[in-house]
Amino acid sequence: AATPQDELQHRVDNLYPTFFTMWMGMNDVLSYAIKGGQGDGTGNALPIVPGLGIYNPNDISPISAFDSAYDKALNTAIFNGASGALINIPDITLLPFFNAIPSDGLILDRQGQADTLLAYYAGQAWKKVFQPGKNQFIIKDHNDNIRQSVPGELILLSCPIDSIKCSGWGSTTPIPSKYVLTTDEIQFARAAIDRYNYFIYTEAQLHHLAYVDMNKYFSTLPTGAPFNGISYSNAFVSGGFFSLDGIHPTARGQALIANKIIETINSFYKSTLNPVDANKYPGVQYP
């Protein structure tokens with residue numbers, strides 16, 4: 001069966017492209033994160049099929065494997081002398097999929113509820129903080145330990161809301177680890193992104209190609225990215241940038257991404273490509 005690399009080689013051999021954009025690597029981290037960090041996470045995992053270079057699809061791709069695959073694809077793209085733009089990987093933990101459900105979403109209405117949970121977990125060694133109002137959810141971490149989450153840890157959008165509301169998940173029943181990104185798992189993901197981006201930047205410098213810092217652009221989304229009078233953000237539904245799956249951009253989000261790429265291309269190559277009017281594209285599509 002043909003591989004993506006075979007397809008790229010075929011297109012280069014038959015179309016003789018003079019310019020390309022390359023955005024690779026997001027799924028090499030995202031697949032780990034959306035499964036709640038169920039893999040090794042260190043970026044050093046061994047193949048699950050020795051000799052064939054097949055790795056756990058729910059883990060972070062090994063750094064060496066990413067570098068090798070990226071370098072091979074890039075050298076194919078530039079083989080005929082094409083110019084291009086290399087796009088780096090944004091911090092995937094900024095996606096609404098990881099922020100729509102707050103980790104402090106355990107709401108207690110009165111002190112009696114807090115006292116009940118304190119008594120319920122009295123035998124546990126971890127620090128317990130229960131009080132009226134917002135509280136950190138109870139979770140199970142990657143090591144199968146039950147504890148209270150800490151600020152900054154992430155509950156995934158895939159977590160069943162009905163189980164939280166009706167079955168005691170996050171209070172008397174810990175949220176399963178596959179629906180949680182703990183502090184160490186978040187750091188694994190971010191460390192891999194930083195390492196991948198370093199390699200992409202190095203490749204851009206080596207081959208004199210434009211380098212699109214999409215990571216920096218995505219970091220502006222939490223505070224709002226304005227365009228022609230409308231401010232877009234990474235907020236779930238209301239932000240307008242991401243679709244209802246909390247992962248993929250809306251058509252407007254895609255247009256804003258395209259404009260960032262165009263801006264970088266124009267700056268690097270002194271070209272005059274026109275940006276697109278993102279506001280003319282569809283926003284969030286409701287069922």
Side-chain angles (χ1 to χ4, degrees), residues 4 19-37 57-58 84-103 105 152 154-162 164 178-181 186 189-190 192-193 196-197 200 210-267 271 273-287:
F19 196 91
F20 67 93
T21 58
M22 182 173 289
W23 197 2
M24 292 172 53
M26 187 177 294
N27 286 337
D28 290 84
V29 180
L30 184 61
S31 59
Y32 167 82
I34 63 176
K35 295 296 184 179
N58 297 331
L86 307 185
I87 307 162
N88 74 4
I89 306 165
D91 180 355
I92 51 91
T93 66
L94 294 173
L95 302 180
F97 185 85
F98 303 102
N99 297 280
I101 302 175
S103 66
L154 305 173
I155 309 300
L156 311 190
L157 186 59
S158 53
C159 182
I161 296 298
D162 287 348
I164 292 177
K178 67 179 181 179
Y179 299 120
V180 180
L181 272 188
I186 293 169
R190 289 175 175 166
I193 290 170
Y196 292 164
N197 285 346
I200 295 170
Y211 178 75
V212 183
D213 195 349
M214 199 61 66
N215 191 15
K216 183 177 180 180
Y217 177 64
F218 268 51
S219 71
T220 68
L221 293 178
T223 55
F227 180 84
N228 285 357
I230 296 180
S231 182
Y232 295 92
S233 77
N234 66 334
F236 186 52
V237 182
S238 62
F241 195 97
F242 291 98
S243 62
L244 294 179
D245 69 4
I247 296 174
H248 296 91
T250 61
R252 289 186 176 189
Q254 296 282 17
L256 292 166
I257 288 170
N259 282 344
K260 178 59 181 177
I261 297 170
I262 290 170
E263 175 188 310
T264 304
I265 290 172
N266 284 344
S267 175
S271 53
L273 297 172
N274 291 321
V276 296
D277 186 350
N279 297 342
K280 291 183 177 180
Y281 289 84
V284 175
Q285 300 291 299
Y286 295 97

Quiz item: Do Ile101 and Leu156 pass the side-chain contact (heavy atoms from CB on, under 4.5 Å) test, and can you show the C-alpha distance, the side-chain angles, and the key distance before you say yes or no?
Solution: CA-CA 7 Å; Ile101 302 175; Leu156 311 190; over 6 Å; no
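- Shown here for Gly224 and Ser231, the closest heavy-atom pair between the two residues is CA-OG, 3.5 Å.
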Quiz item: What do the steps show when you test Phe218 against Phe241 for ring pair (Phe, Tyr, Trp, His ring centres under 6.0 Å), and what is the final call?
Solution: CA-CA 10 Å; Phe218 268 51; Phe241 195 97; 5.8 Å; yes
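- For the pair Trp23 (side chain) and Asn88 (backbone), a donor-acceptor distance under 3.5 Å is present.
- A donor-acceptor contact shorter than 3.5 Å is absent between the side chain of Asp91 and the backbone of Asn215.
- A donor-acceptor contact under 3.5 angstrom links the side chains of Asn279 and Tyr232, judged on distance only.
- From Gln254, atom CD reaches atom CG of Asn259 across 12.0 Å, with rounding to the nearest 0.5 Å.
- To the nearest 0.5 Å, the span separating CZ on Phe236 from CG on Asp245 amounts to 8.0 Å.
- For Phe19, the ring-ring contact (aromatic ring centres under 6.0 Å, His included) partners are Tyr269, not counting sequence neighbours.
- Separation of atoms OG (Ser103) and CZ (Phe98) is listed at 14.0 Å; rounding is to 0.5 Å.
- Side chain of Thr250 to main chain of Gly240: a donor-acceptor pair is present (N/O by atom type, distance under 3.5 Å, no hydrogens or angles).
- Taking both residues in full, the closest heavy atoms of Phe242 and Ser233 are given as CD1-O, 4.5 Å, listed atom of the first, atom of the second, then distance.
- Among the candidates Thr264, Ile257, Leu256, the single residue satisfying the side-chain contact (heavy atoms from CB on, under 4.5 Å) test with Lys260 is Thr264.
- When all heavy atoms of Ala85 and Ile265 are compared, the closest pair comes out as CB-CG1, 4.0 Å.
- By the 4.5 Å heavy-atom criterion applied to side chains, Pro90 and Tyr217 are not counted as neighbours.
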Exercise. Assess whether side-chain contact (heavy atoms from CB on, under 4.5 Å) is satisfied between Leu154 and Phe97, documenting all intermediate values.
Key: CA-CA 9 Å; Leu154 305 173; Phe97 185 85; over 6 Å; no
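- Ser31 and Asn58 share no donor-acceptor pair across their side chains, judged by distance under 3.5 Å alone.
- Atom OG1 of Thr223 and atom CG of Asn234 lie 9.0 Å apart (nearest 0.5 Å).
- In this structure, Lys35 has no salt bridge (Lys or Arg N to Asp or Glu O under 4.0 Å) partners at least two apart in sequence or on a different chain.
- Scanning both residues, Ile262 and Asn274, for their nearest heavy atoms gives CD1-O, 3.7 Å.
- In this structure, Leu94 CG and Arg190 CZ are separated by 7.0 Å, a value rounded to the nearest 0.5 Å.
- Rounding to the nearest 0.5 Å places CE of Met26 at 9.5 Å from CD1 of Ile87.
- Taking a 6.0 Å sphere around OH of Tyr281, one finds it holds 12 or fewer heavy atoms contributed by other residues, nucleotides or ligands.
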Self-check item: From CA spacing to verdict: side-chain contact (heavy atoms from CB on, under 4.5 Å), Val212, Leu86
Solution: CA-CA 6 Å; Val212 183; Leu86 307 185; over 6 Å; no
Exercise. Starting from the C-alpha separation in whole Å, work towards a yes-or-no answer on side-chain contact (heavy atoms from CB on, under 4.5 Å) for Cys159 and Ile164.
Key: CA-CA 8 Å; Cys159 182; Ile164 292 177; 3.8 Å; yes
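- Each of Asn27, Asp28, Ile200, Leu30 was checked for a side-chain contact (heavy atoms from CB on, under 4.5 Å) with Ile89, and the lone residue meeting it is Ile200.
- Heavy atoms only, all atoms of each residue included: Ile92 and Ala33 are closest at CD1-CB, 3.5 Å.
- In terms of heavy-atom proximity, Gly246 sits nearest to Leu95 at O-CB, 3.5 Å.
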